[in-house]
Every structure is written in C-alpha cells, then in structure tokens.
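To start, the structure itself, in structure tokens.
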Amino acid sequence: MQTGTEDPVTKVGSPAIVARRLTKRFGEVTAVDGLSFEAVPGKVTGFVGPNGAGKSTTLRMLLGLIEPDDGSATILGLPYASVEDPITVAGAVLEVQSFHPLRSGRNHLRVLAAAADIDDGRVDEVLEIVGMTAAARRKAGPYSLGMRQRLGLAAALLGDPSVLILDEPANGLDPHGIRWLRQTLRDLAADGKAVLVSSHQLDEVARMADDVIVIDRGRVLRQGTLDELTGAGETTLEDLFLELTDGKGIR
C-alpha cells in the first residue's frame, strides 16, 4: 500500500483500482450493493450494465465524490481523497463538461494546467493526443458534443495520470471518433495505465477491453477477461449481457 510520501506507482498486473464491498443507498434505494472488483495497469477494463445498474455511482465513489455507506475504494493503494497530487494519479471524465463559451479549448486547458502547476507544453501534448490541435484555438462555445468529449479527455490526461476513469466517453463521437477513442485507450493501456471505461456500446467494449465487469442492480454479475466471459469468441459480449440481465437489455 502506498503512503502519502511514496510515488504512486503500481506494478503491471497488480491492482490499480480496488473496490471492496462498496455499498451506497439513497433513501430506500440501494444503488450499489456490496460491489467488489479490481482493475489493473496495462489493461482496458470495461464496466457495463443497464441504466440504473449503479455504474456512475460506483465511479463517483472511486473518486471520492460520493461517500459509500459501506466498503472501500482505493486508487494506487489509497482512498482518492487522501492522494497528495491527485491529477497525476487519476484522470476522469464522468460527464460531458461545460466550458466557458468564449474561451478557446487550449485556454481552458491552460487554466487547468496553471492551477495544477503544469507547464503549457503539456497542454499542447494532450491536444495532439486527442486530435484537437487544429480546433484548439477556436472558442469552445460552438464545439460539438464529440469535441467536448475530446477536450474532457485532454483535461483528464493533463497530469499524465496512472489511472483513467471514463463514463461513456464515446457519447457524441462519430464512427471515426469512436475508432480514434478505441485506439487511444488501447495505446494508453499499452503505456501502462489502468483504464476503466463505463459504456453502453457493448460491441465497442468488446473491441477495446481486456477485462470486463458486468453489473446490474448494484451487484457484480460476472467479471473476468473478455476471452473468459465470451468463451474466446463462442458467444458475444452482447449475448452474455442480455442473458445475465434477464434479457431486458439496456433500460
């Protein structure tokens, strides 16, 4: 386990994200019910389930935005709220972000970078990674949903974090953008990052993920490598998902 004075480095193969018996209730509704899973560096982990399954609530507990009623969540061995330099530990895109409509995409990132004492050179690096160099000096107000998603990912990458937590990052992307996202996340995992992706696009998850966690009603139904869950291609992730969630699909 990391302490506050150690560099937050986790070896490939050991867990970067650990959830243990996470539970969250909202009044009489149990949104997350004893959820346990891990995500490791060097892999893309797909996190899938129907609407209302508890995915977004779980991601917010991982990032300390919601306090669990029971259980624990750690990133690189620590609760995220205890991490000294969080921007270098975990980058997150939980929803399509709002940007000042009169500020350029590049200047939006420059403000974030300045607040975190990150050099402007990193801003240009992440803009290139997300394919926004040409549009970066335009005002953000007219940006499409897909461009906002790219800018949100650029912000998440500013601190070159070891962990990425993304909620529906493909929303608003066209087919070219989805292909770009898939390859970008695969490349980031190949660089040793742990990438946790919540998505409804099961075909796309099957094309990008190494490991998959299927949840419903706040509980893990199945988790393992994609090959383990699909029998190395004997079934599809979609068919498995529909079988596990009583055939109701994404509600």
Side-chain angles (χ1 to χ4, degrees), residues 8 17 44 47 55-66 75-76 80-189 191 193-201 204 208:
I17 299 171
V44 176
F47 192 51
K55 300 187 301 298
S56 294
T57 299
T58 299
L59 299 187
R60 282 165 170 75
M61 285 193 286
L62 291 176
L63 292 164
L65 301 175
I66 297 176
I75 297 178
L76 302 190
Y80 188 64
S82 301
V83 174
E84 288 188 354
D85 195 11
I87 196 171
T88 68
V89 172
V93 180
L94 298 187
E95 57 189 17
V96 178
Q97 301 180 24
S98 297
F99 310 104
H100 193 296
L102 300 181
R103 182 177 291 157
S104 71
R106 184 173 186 274
N107 282 341
H108 169 75
L109 295 177
R110 290 180 68 218
V111 170
L112 298 179
D117 198 25
I118 294 173
D119 188 86
D120 275 1
R122 178 60 180 168
V123 170
D124 294 322
E125 288 178 6
V126 297
L127 285 168
E128 184 174 356
I129 290 171
V130 303
M132 281 196 65
T133 300
R137 297 181 185 276
R138 288 163 40 193
K139 292 177 181 179
Y143 279 178
S144 66
L145 178 57
M147 290 179 69
R148 289 170 181 263
Q149 287 281 35
R150 289 177 185 250
L151 189 56
L153 180 57
L157 291 171
L158 271 176
D160 194 19
S162 301
V163 172
L164 283 172
I165 297 176
L166 310 175
D167 194 2
E168 300 291 350
N171 278 357
L173 296 179
D174 61 18
H176 292 288
I178 290 174
R179 174 179 285 185
W180 159 82
L181 178 68
R182 180 199 318 145
Q183 189 57 55
T184 298
L185 297 186
R186 295 293 309 163
D187 290 346
L188 290 168
D191 286 340
K193 299 185 189 302
V195 182
L196 180 64
V197 182
S198 168
S199 179
H200 282 147
Q201 299 187 23
E204 194 53 40
M208 79 167 71

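Remember, predicted model here, so these are calculated numbers, not experimental data.
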### Query
Where do T184 and V130 land on the side-chain contact (heavy atoms from CB on, under 4.5 Å) test, with the steps shown first?
CA-CA 8 Å; T184 298; V130 303; 5.9 Å; no
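- In terms of modelled atom types and a separation under 3.5 Å, the side chain of R186 and the main chain of M208 share a donor-acceptor contact.
- In this structure, CG on L94 lies 5.0 Å from CZ on R60, to the nearest 0.5 angstrom.
- The CG atom of L196 sits 8.0 Å away from the CG atom of L166 when rounded to the nearest 0.5 Å.
- With a 4.5 Å cut-off on side-chain heavy atoms, V126 and M132 do not count as touching.
- At least one side-chain heavy atom of I165 sits less than 4.5 Å from a side-chain heavy atom of L62.
- Within the 3.5 Å criterion, the main-chain N or O of L158 finds a donor-acceptor partner in the side chain of R122.
- When all heavy atoms of P161 and A156 are compared, the pair lying nearest together is CG-O, 3.4 Å.
- Annotation: side-chain hydrogen bond (donor to acceptor under 3.5 Å, both in side chains) contacts of R110 (sequence neighbours excluded): N107, D120.
- To the nearest 0.5 angstrom, L181 atom CG is 9.0 Å from Q201 atom CD.
- Summarising the geometry, atom CZ belonging to F99 is positioned 11.5 Å from atom OG belonging to S104; distances are rounded to the nearest 0.5 Å.
- Contact of the D124 side chain with the L109 side chain is not registered, since no non-hydrogen atoms from C-beta on lie closer than 4.5 Å.
- Of the possible polar contacts, none joining the E204 side chain to the R182 backbone as a donor-acceptor pair under 3.5 Å is found.
- Considering every non-hydrogen atom in both A92 and L63, the closest pair reads CB-CD1, 3.5 Å.
- Looking only at side-chain heavy atoms (C-beta outward), P169 and V93 stay at 4.5 Å or farther from each other.
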### Query
Under the side-chain contact (heavy atoms from CB on, under 4.5 Å) criterion, do I87 and L112 qualify, and how do the steps go?
CA-CA 10 Å; I87 196 171; L112 298 179; over 6 Å; no
#### Entry: Steps toward side-chain contact (heavy atoms from CB on, under 4.5 Å) verdict (L59, L65)
CA-CA 9 Å; L59 299 187; L65 301 175; over 6 Å; no
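- Between the Y143 side chain and the A135 main chain, a donor and an acceptor come within less than 3.5 Å of each other.
- Here the shortest heavy-atom pairing between Y80 and I75 reads CD1-CD1, 4.0 Å.
- Across all non-hydrogen atoms, the minimal contact from L76 to S162 is CD1-CB, 3.9 Å.
- The backbone N or O of T133 sits nowhere less than 3.5 Å from a side-chain atom of E128 that would complete a donor-acceptor pair.
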### Message
Could you walk me through whether H200 and E168 satisfy the side-chain contact (heavy atoms from CB on, under 4.5 Å) test, starting with their C-alpha distance in whole Å, then the side-chain angles of each, then the deciding distance to 0.1 Å, before giving a yes or no?
### Response
CA-CA 7 Å; H200 282 147; E168 300 291 350; 3.4 Å; yes
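- In terms of the salt bridge (Lys or Arg N to Asp or Glu O under 4.0 Å) criterion, D85 has no residue partners (sequence neighbours excluded).
- Residues A113 and V123 share a closest heavy-atom pair of CB-CG2, 3.8 Å.
- Summarising the geometry of I129 relative to W180, their closest heavy-atom pair is O-NE1, 3.4 Å, with the distance given to 0.1 Å.
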